[in-house]
Amino acid sequence: MEGIRRRRQYIILTVIILAALWVFGAWRGPLITIGPAQHVQTHNPKMGVHTRLTDEVEEWKIKRTLEMVREMGAPWIVEYFPWAYYEPAKGRFVWNHADMVVDHARAQGLTVIARLGFVPDWARPKDTTALYLDEAGYDDFADYVYAFVEHFRGRVDYIIIWNEPNLRHEWGNRDVDPAGYVELLRRAYQRAKEANPEVQVLAGALAPTLAPEGSPDGMNDLIYLQRMYEAGAAPWFDILAVHAYGWVYPPEDPPDPEVVNFRRTELIREIMVNNGDGNKPIIITEAGWNDHPRWSKAVRPAQRIAYTIAAYEWALQKWDWCQAVVMWAFRFPRPARTYQDYFTFVADDFYPKPIYWEVQRYARTGEP
Amino acid sequence: MRGQESRSVRYAVPRRWIAGAALALAVLIFLLWSLLAQGGPLSRDRTWERIRAEGILRVGLDASFPPFEMIDPASGEIRGFDVDLANALAAELGVRAEFLNIGFDSLYDQLLAGRYDAVISALPVDYTWTEDVRYSEPYFQAGLVLVTTQALSSTIQRPEDLVGRRAAVEWGSEGDAFIRRLEREHGQVEVLAMESPAQALEAVQAGEADACLVDAVSAYQALGKDEDLTIVGAPLTEASYAIAVRRNSPVLARQLNAALTRLRGAGFLDELIRKWMLSQ
């Protein structure tokens with residue numbers, strides 16, 4: 001009897017302590033606040049960076065990342081909002097994390113371009129990758145686009161439909177299919193406009209590649225874009241997203257169909273004009289140079305700084321059809337342990353690399 | 001009732017005995033597991049067994065990083081510091097080395113896939129990989145060093161001594177990051193941002209800068225050409241190059257470490273620095 005009484009006392013004591021802790025936690029309120037609205041100060045309003053907050057769990061890190069983007073002087077960000085994360089079951093949406101990212105970004109005065117993709121298990125056949133979506137799933141994806149645009153109406157005005165569909169890997173390890181992508185784009189566009197007629201729909205950026213026709217890896221981006229137009233893509237996007245990596249070439253290196261460089265964007269633009277789509281703008285949603293000491297497509301750190309700033313300046317001075325240049329990538333939540341780590345501006349522990357300070361200097365002074 | 005009580009007393013084993021026996025058994029199991037588990041003194045190392053049987057140590061490297069490994073344009077063969085080191089290590093183990101040229105970003109994956117036995121490729125120790133690979137003792141420190149002239153070496157002995165002086169760095173490099181932090185913490189430095197480590201060193205040679213912060217390899221290469229330059233102090237950052245083997249190669253790891261110790265003791269590593277950096 002004594003033992004039972006003592007056990008009961010322990011249970012009551014535990015319940016009281018847990019209740020006290022819960023009350024204390026609730027009373028303290030959230031640790032991170034959105035904070036007052038900020039404004040990006042920059043000489044170049046076309047500057048942007050691609051953030052990687054999708055897998056960033058802690059709110060303070062999300063906030064600090066976006067603060068540092070603002071302090072660097074870049075008003076644009078591209079962020080990935082994977083369908084599988086936010087619609088874990090058909091029609092059930094979980095926006096908590098996405099809300100956190102978007103609200104912090106807006107508080108820092110940043111314009112968010114949302115990249116949408118990444119297929120949940122329930123929307124694709126078994127044993128396919130998260131980048132696989134066949135036509136049977138297009139309407140499900142379009143429904144997600146609708147829900148996203150509706151939920152973020154007034155907060156996110158730009159969405160990108162898919163990513164690099166001209167690569168086999170990005171197209172779910174299948175042969176690439178420009179007409180198939182256009183059909184996906186059409187359905188997503190229509191649903192997006194139903195949710196918010198003002199939202200700007202970006203056709204997914206193509207991977208700059210010289211892959212020849214019939215290559216198992218993908219299709220040359222210039223050929224793929226032309227095929228998209230031939231499949232009737234023009235009415236189904238407002239802006240074209242472009243990836244414009246410079247590899248080892250400076251940003252002023254002239255465009256050449258046989259070379260992947262920053263100004264390959266002009267060849268993309270030429271195809272748009274030739275297809276009567278010259279009134280649409282381009283947004284470069286990935287670009288940049290890498291300064292890995294051992295990677296064959298990398299440059300020296302000094303070149304990376306100079307090229308990055310020159311690319312921002314080039315777009316500002318010479319490309320009136322280009323709304324923004326978004327560099328890959330601002331910071332990773334954790335090291336990638338590959339050459340990818342040498343694309344970043346800030347280390348995973350928030351330590352700014354020299355390129356961060358130099359881009360900030362450029363944004364503040366306007367001097368390349 | 002009385003009879004039952006006496007039986008229970010006769011057969012009862014003291015609880016502390018049971019606890020003691022259980023503890024002893026647990027300790028025994030742990031010791032056996034430690035001895036036999038992967039990496040334990042009695043565990044098998046099939047890689048080492050194969051190396052001994054075939055007489056070949058298979059080495060993965062990325063032959064695009066002189067002076068550690070590069071392809072000789074005349075002969076088409078892979079040469080360099082690491083090639084000499086791998087050959088010497090293999091000789092110490094009583095086998096010969098065979099080389100496989102692999103892109104740097106695939107070196108770990110191909111090691112884990114079993115395409116070769118060890119990576120000897122100016123590979124910086126990365127502690128995030130230690131669940132997958134075993135590193136040897138470092139054989140070269142490639143971190144940032146402070147270089148100045150013989151004349152100034154008595155007054156410039158540590159980075160803080162650069163405050164108020166002229167220092168050259170490669171723009172955007174680790175040295176650049178280091179000097180920016182130094183300025184924030186200790187005071188202003190007149191920084192010359194150069195396009196390469198070689199230019200930063202040339203600025204010191206030409207008297208345009210009092211010192212520079214560059215990687216150890218660039219520093220050694222400059223020291224070989226100009227005796228007036230000197231490295232002061234220990235490396236300021238750690239970039240330890242080491243050999244990597246798979247986790248399930250404990251014997252190979254021990255053998256390589258023992259061979260490295262012997263080679264270091266014999267002055268072979270210093271000889272490689274002289275051959276591939278100071279006299280190039």
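Every chain is numbered from 1 and lettered A, B, ... according to where its sequence line falls, protein lines coming before strand lines.
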Trainee: For the CD atom on A:E252, are there more than 12 heavy atoms of other groups (residues, nucleotides or ligands in this structure) within a distance under 6.0 Å?
Mentor: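 Above 12, so yes.
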Trainee: Looking at B:E131, I'd like to know if its CD atom is crowded, meaning that more than 12 non-hydrogen atoms belonging to other residues, nucleotides or ligands lie closer than 6.0 Å.
Mentor: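 Atom CD in B:E131 is not packed in, count stays at 12 or less.
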Trainee: Does B:S121 reach the side chain of A:R294, with side-chain heavy atoms less than 4.5 Å apart?
Mentor: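 A side-chain contact under 4.5 Å exists here.
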Trainee: For chain B, which residues from residues 356-368 of chain A have at least one heavy atom closer than 4.5 Å to it?
Mentor: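 Residues A:W357, A:E358 are the ones that qualify, each having a heavy atom under 4.5 Å from chain B.
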Trainee: Can you tell me if B:R184 has over 12 outside heavy atoms packed within less than 6.0 Å of its CZ?
Mentor: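 Yes, because the 6.0 Å sphere around CZ of B:R184 holds more than 12 heavy atoms from other groups.
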Trainee: Sort B:D105 into side chain, backbone, both or neither according to what part of it lies under 4.5 angstrom from a heavy atom of chain A.
Mentor: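 It is the side chain, since no backbone atom gets that close.
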Trainee: Checking heavy atoms, do the side chain of B:D126, its backbone, both or neither come under 4.5 Å from chain A?
Mentor: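 The side chain, not the backbone.
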Trainee: Between A:A302, A:A306, A:S296, A:P335, which residue shows the highest count of heavy-atom pairs closer than 4.5 Å to chain B?
Mentor: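 That would be A:A302.
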Trainee: What part of B:A122 gets closer than 4.5 Å to chain A, counting heavy atoms only: side chain, backbone, both or neither?
Mentor: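 Its backbone and side chain both get close to chain A.
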Trainee: Which heavy atom of B:S173 sits nearest to which heavy atom of A:P301, and what is that distance?
Mentor: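 In this case the closest contact between B:S173 and A:P301 is N-CB, 3.9 Å.
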Trainee: Assess whether atom OH of B:Y116 is packed by more than 12 heavy atoms of other residues, nucleotides or ligands within 6.0 Å.
Mentor: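 Counting other residues, nucleotides and ligands, OH of B:Y116 exceeds 12 neighbours.
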Trainee: Applying a heavy-atom distance below 4.5 Å, give me the residues of residues 337-354 of chain A that approach chain B, sorted by number.
Mentor: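 Those residues of residues 337-354 of chain A which have a heavy atom under 4.5 Å from chain B are A:R337, A:T338, A:Y339, A:Y351, A:P354.
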Trainee: Within a 6.0 Å radius of atom CD on B:E160, are there more than 12 heavy atoms belonging to other residues, nucleotides or ligands?
Mentor: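 Counting neighbours around CD of B:E160, more than 12 heavy atoms of other residues, nucleotides or ligands fall under 6.0 Å, so yes.
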Trainee: So do A:R300 and B:W171 actually touch side chain to side chain, heavy atoms under 4.5 Å?
Mentor: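 No, side chains not in contact.
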Trainee: So does B:Q199 have more than 12 non-hydrogen atoms from other groups sitting under 6.0 Å from CD?
Mentor: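 Yes.
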Trainee: More than 12 foreign heavy atoms under 6.0 Å from CD of B:E195: is that the case here?
Mentor: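 Check fails, neighbour count at 12 or below.
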